Each structure stands twice: as structure tokens, then as C-alpha cells.
Amino acid sequence: MKIASQENSAVAMVKAALERAEKYQPEYHIFNWINEQALDQAQEIDRRIASGEPVGRLAGVPYAIKDNFLAPLGETTASAHILEGFTSPVTATAVQKLEAEGAVLIGRTNLDAFAHGSSTENSYFGPTKNSKDLSRVAGGSSGGSAVAVALDIVQFATGTDTGGSIRQPASFNGVYGLKPTYGAISRYGVVAMASSTDCVGFFTGNPDDLDLLMEITAGQDAKDLTSLPDFYAQSQAKPVKKVGIIKDFDNESIDAEIRAALKAKVEQLRVSDVEIVELEMPALKHALAAYYIIVPAEIASNLSRHDGIRYGFRSESSSHLQDLYCNTRGEGFMSENKRRIMIGNFVLSSGFYDAYYLKAAKARTVIINEYAKAFEKCDLILTPVSPNPAFELGSKVNDPVAMYLEDVFSVPLNLAGLPGLTVPAGQTKQGLDIGLQLVGPRRSDRTLINFAKEMEEK
Ligand code: GLN
């Protein structure tokens, strides 16, 4: 069902969403919190409709937020022990805009703690399971949001994408996932991971819903100085005549069924008169290394605010202030959080800054320029989202490098601030979802969404 064409009463929609949430929660572990007040809100919306009062464009539409969006609705934990017990006094701008249009929050979804990960297994509360196979990961870090939409619990869910956290779980669960142009939607009130690549975006069942959600949430916000003036409202979808495929990405390390899905899509585009342009983008192979230097550097800085004094959990075992900090951070962060804090502080430290951080920052510029050149030759680029479909729970969680390699196709565009959209592209023989990724120049979000609609119709 498309958001814009709702026919049911708010109460009926919200009741159905809550029932499905309760039904799936024990097995899939999608939510960190379910909103018991949702029905009251739906009743109020139905009352307004009955009495002819105006309601918003999302009146009564059930939705979920990734549990790293601040709002005084339940605790905001970011799936981290260190934030347990923290109820935010402020509301994220994106959430505020959705609530103002009458959307009804069903719950807060599970993630890798502080969004560090690609499987949702780094959650303090345990992993979310894949919507097609309970023995496999949901993807991450926004795993709960992807599964909430895939299992039809809610019609849309928010996510954050710093290096693929919307696109990869969307592809692992057969739904649409949009990471907009950097700055399109305000980051105010979102738990910061890496401020120079963090983006707010959405999971939906179809591209039309993404369009409406962008209309509602995009725009400049005085509370986020990196937010852009609302280009979305002013932009028009451009016709897509040339689609680029990256030669450097066509290799044996990609799962055969994903390569086949990409080939099939390319053939489908060819017969519908889209020209396919082969691109050489050799700098992209450095993106993953650059990302895993720049992002931890920003993480180390952003996570320094968690000291046991200001928010959430505090270790009670200490009498000395220094111990309080150390014990709180030691007990409150997951190992992956600590790994990134250590890498981040290392690459920023004097003596290593030039060798690592500065080099990565230069590589980032080369990557940005390489994309700019590529978009002189084509309108959009089509790539895999990840090298493999959803993997077995437990198979990579103790091997950080294997987990980081999951992000090889998703992180390059975060470094360049480009929009990316996961579109479902069939299933493996085993019934696992495959997604492909559309990438466009900055501010081409509407063109991406529109092209996804055209692909759906072909
Ligand atoms: N998997 C990537 C990482 O671990 C991306 C995470 C994200 O986008 N939040 O950094």
C-alpha cells in the first residue's frame, strides 16, 4: 500500500501495525521499544478527520524510527548500554516534520550500537534477524528499520546512512532504501556517528513513498549548519539516457548471483534504449581504507561526550572521577565502538596524523573528482550494494575486517556526499533478497527516485 493512497482509518492502520509488531518481535527482535500510546494518537487523528479538521499528508500512517533519533518518545539508546535510561528532551527535526504530518510512531528500531556495523549484531540488545531467513543477519546498521518495512509492520521507517547503513539492510530485505544527498535532511537530533558523512534517509516499499517523504523532510534547518536549502522541492527529475557501470567492480569477489542480477538489469536497460557506459574508476578501491580512517576519527570525537555524567548509564562501581569515566565508557560501549575510538584517536594523534588522516582526506578529494568525471559521461551509475546477500548470524561479527569489506560498494558515495538508492532486484535461488544501487550526482535525488519508478514499471 502506498502512503499517499491510504483508505483505512488511522485506528485500523495503527492497530494492524501494532499487532504485527507484537507478532514478529519475539522471533525477529526488530524493536527496542514499542509505542503503547500509538492507538490514542490514531484515535485523535480519526476524530479530527470526522470533525472536518485538517490533517497532514501522513495522517494515521504507522512508521518507525531507528533508535538513534532523539525524541521524548521512549528512551533513545542507539542500541548502546551507555545510553540506556536516556530520554531526550529534544526532538530530531526529521521526526518533528513527520509527526507534524500526522504519522504515528509504532516503535524504535534496533541497530548496531551507535550505528557502527553492517549486520545489527553489534547491538547491546542482541541482533535483528533477516526478514527472509531467521539464521541470517538483517544487515546494518539500520537492520531493525529494514525488517520493520520488509515484514509490512510499518509503511516506512527512518534510517541513518554514514557508510551504507540504509542501503545494505534495504538490499538484504528486499525494500527500497534511500540515502539522500549529504545535507538534504537535517541531522539535528540524530545521534552523531561521523558528522561529515551522516545522512538521514528512509526505507519504504516503493519509490513513490520516498518521493513524498523527501517532500516532507528535506530542507534547511538553522539547527544543522550543514543542511542544504530545499533543493528537492525545486528540482525536477531529469531523463536518464546513460547509465554507468563500473568496470573495476566487476570481479570474482562479488557473489555470482549478485553479478547475474546486475547483468540482467543492465540488459533490461539496454533493451529499453538506455545507453550503458563502462566507467573506469580506479580511485574507488581506496574508498574503504579512507572511510575506515576518516569515520573513526570523527567517531572518536563525537563519542567523547559520553562520560557517565551527562546521559544515560553511569557505572556505580567507582568513587573516583577518573574511574567513573573509565568504567562507564569501558562497560557502556561495545567492542566495535571501542575499536573505532582507538583507531580514531590513533589516526589523529601527532606523528600519525599526516600518514593516515591527511592521506585519507586527500584520497577523499580524488574520489570526489573521479565521480565528477564519471557524471560527465553518464546520468546515473548502477552498482551492487554489497558483495554478497545476507550472511549467517555470527559468521563475521568476530572478524572486523570481513565486516568492513561488506561496505566496499556503499562507502564511496558517502565520502563524496552523493545520493544512493537501493532498489530490489530479485532473489537468490535460496530466496534471499538482492538489491542494486543507483548513484547520482549531488542533488539528483529526484532523478534517482523517478528512475527507480521507471525501472519498476519496465
Ligand atoms: N557499515 C558501515 C560502518 O560500520 C556503515 C555504518 C553506517 O552507515 N552507519 O561504518
Side-chain angles (χ1 to χ4, degrees), residues 68 78 80 82 112-118 122 141 160-165 179 181-183 187 190-199 224-227 248 281-311 321-322 325-326 328-330 332-373 399-418 442:
N68 59 353
I82 204 164
D112 290 293
F114 287 108
H116 304 171
S118 313
N122 291 333
S141 63
T160 55
D161 192 313
T162 303
S165 280
K179 172 234 176 283
T181 297
Y182 179 76
R187 291 182 292 115
V190 178
V191 176
M193 178 174 165
S195 308
S196 80
T197 69
D198 286 351
C199 280
D224 171 5
L225 295 179
T226 60
S227 60
D248 315 60
M281 301 186 73
L284 293 195
K285 65 172 172 292
H286 303 297
L288 194 69
Y291 173 91
Y292 275 100
I293 291 172
I294 293 168
V295 166
E298 296 186 27
I299 287 171
S301 155
N302 275 326
L303 290 187
S304 62
R305 73 192 68 177
H306 299 281
D307 53 8
I309 305 293
R310 285 171 282 196
Y311 325 91
L321 186 61
Q322 185 72 23
Y325 293 152
C326 291
T328 299
R329 287 170 69 86
F333 285 128
M334 305 289 286
S335 343
E336 184 57 29
N337 307 139
K338 292 180 200 168
R339 187 175 294 122
R340 294 186 188 213
I341 291 169
M342 288 171 71
I343 296 173
N345 283 316
F346 173 76
V347 298
L348 289 174
S349 58
S350 73
F352 297 104
Y353 178 88
D354 288 358
Y356 294 100
Y357 185 79
L358 202 62
K359 250 207 183 128
K362 285 180 181 165
R364 184 180 196 166
T365 306
V366 175
I367 290 162
I368 292 171
N369 293 340
E370 195 164 271
Y371 273 117
K373 273 208 195 109
D399 183 350
V401 174
M403 194 68 96
Y404 298 167
L405 282 169
E406 268 301 295
D407 307 330
V408 63
F409 305 130
S410 56
V411 301
L413 45 148
N414 292 79
L415 293 177
L418 308 176
R442 282 172 71 82

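The basis for the numbers below is simple: all heavy atoms, side chains too, and nothing from hydrogens, waters or symmetry mates. Because the structure is predicted, anything quoted here is derived from the model rather than measured.
Checking side-chain atoms of D112 against main-chain N and O of N122 turns up a donor-acceptor pair under 3.5 Å. For D224 (side chain) and R187 (main-chain N/O), a donor-acceptor pair under 3.5 Å exists by modelled atom type. In this structure, N369 contributes its side chain and V366 its backbone to no donor-acceptor pair below 3.5 Å. The backbone N or O of T162 sits nowhere less than 3.5 Å from a side-chain atom of D198 that would complete a donor-acceptor pair. Judged by distance alone, the side chain of R442 and the main-chain N or O of L418 form no donor-acceptor pair under 3.5 Å. A donor-acceptor pair is defined here as one N or O able to donate and one able to accept, closer than 3.5 Å; no such pair exists between the side chain of D407 and the backbone of G163. At least one donor-acceptor pair closer than 3.5 Å links the side chain of E298 to the backbone N or O of S195. Proximity of a side-chain donor or acceptor of K179 to a complementary backbone N or O of G164 within less than 3.5 Å is not detected.
The side chain to side chain contact (heavy atoms under 4.5 Å, CB included) search around D354 returns L358, not counting sequence neighbours. Taking Y371 as the reference, nothing meets the ring-ring contact (aromatic ring centres under 6.0 Å, His included) condition, with sequence neighbours excluded. Annotation: side chain to side chain contact (heavy atoms under 4.5 Å, CB included) contacts of F346 (sequence neighbours excluded): F352, Y356. In this structure, the side chain to side chain contact (heavy atoms under 4.5 Å, CB included) partners of A402, at least two apart in sequence or on a different chain, are K396, D399. Qualifying side chain to side chain donor-acceptor pair (under 3.5 Å) partners for N414, counting only residues two or more places apart in sequence or in other chains: D161, R167. The ring-ring contact (aromatic ring centres under 6.0 Å, His included) check on Y292 picks up Y404, with sequence neighbours excluded.
Ion pairing of E370 with K373 is absent here, as no side-chain N (NZ or NE/NH1/NH2) approaches a carboxylate O to less than 4.0 Å.
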Applying ring pair (Phe, Tyr, Trp, His ring centres under 6.0 Å) to H306 and F114, what does each step give before you reach the verdict? CA-CA 12 Å; H306 299 281; F114 287 108; 5.1 Å; yes
Would N302 and R305 count as a side chain to side chain donor-acceptor pair (under 3.5 Å) here? Give the steps. CA-CA 7 Å; N302 275 326; R305 73 192 68 177; 3.1 Å; yes
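The shortest side-chain heavy-atom distance between I299 and M193 falls under the 4.5 Å cut-off. Two residues are said to be in side-chain contact when any heavy atoms from C-beta on lie closer than 4.5 Å; I367 and R364 fail this criterion. In this structure the side chain of Y353 never reaches within 4.5 angstrom of the side chain of V347, judged on heavy atoms. Side-chain contact between D248 and P282: present, with at least one pair of heavy atoms (C-beta onward) separated by less than 4.5 Å. Two residues are said to be in side-chain contact when any heavy atoms from C-beta on lie closer than 4.5 Å; I309 and Y325 meet this criterion.
For NZ of K359, the number of neighbouring non-hydrogen atoms (other residues, nucleotides, ligands) closer than 6.0 Å is 12 at most.
The closest side-chain donor-acceptor pair between T328 and D307, if any, does not fall under 3.5 angstrom.
Taking all atoms of both residues into account, the shortest heavy-atom contact from N337 to A113 is ND2-O, 3.1 Å.
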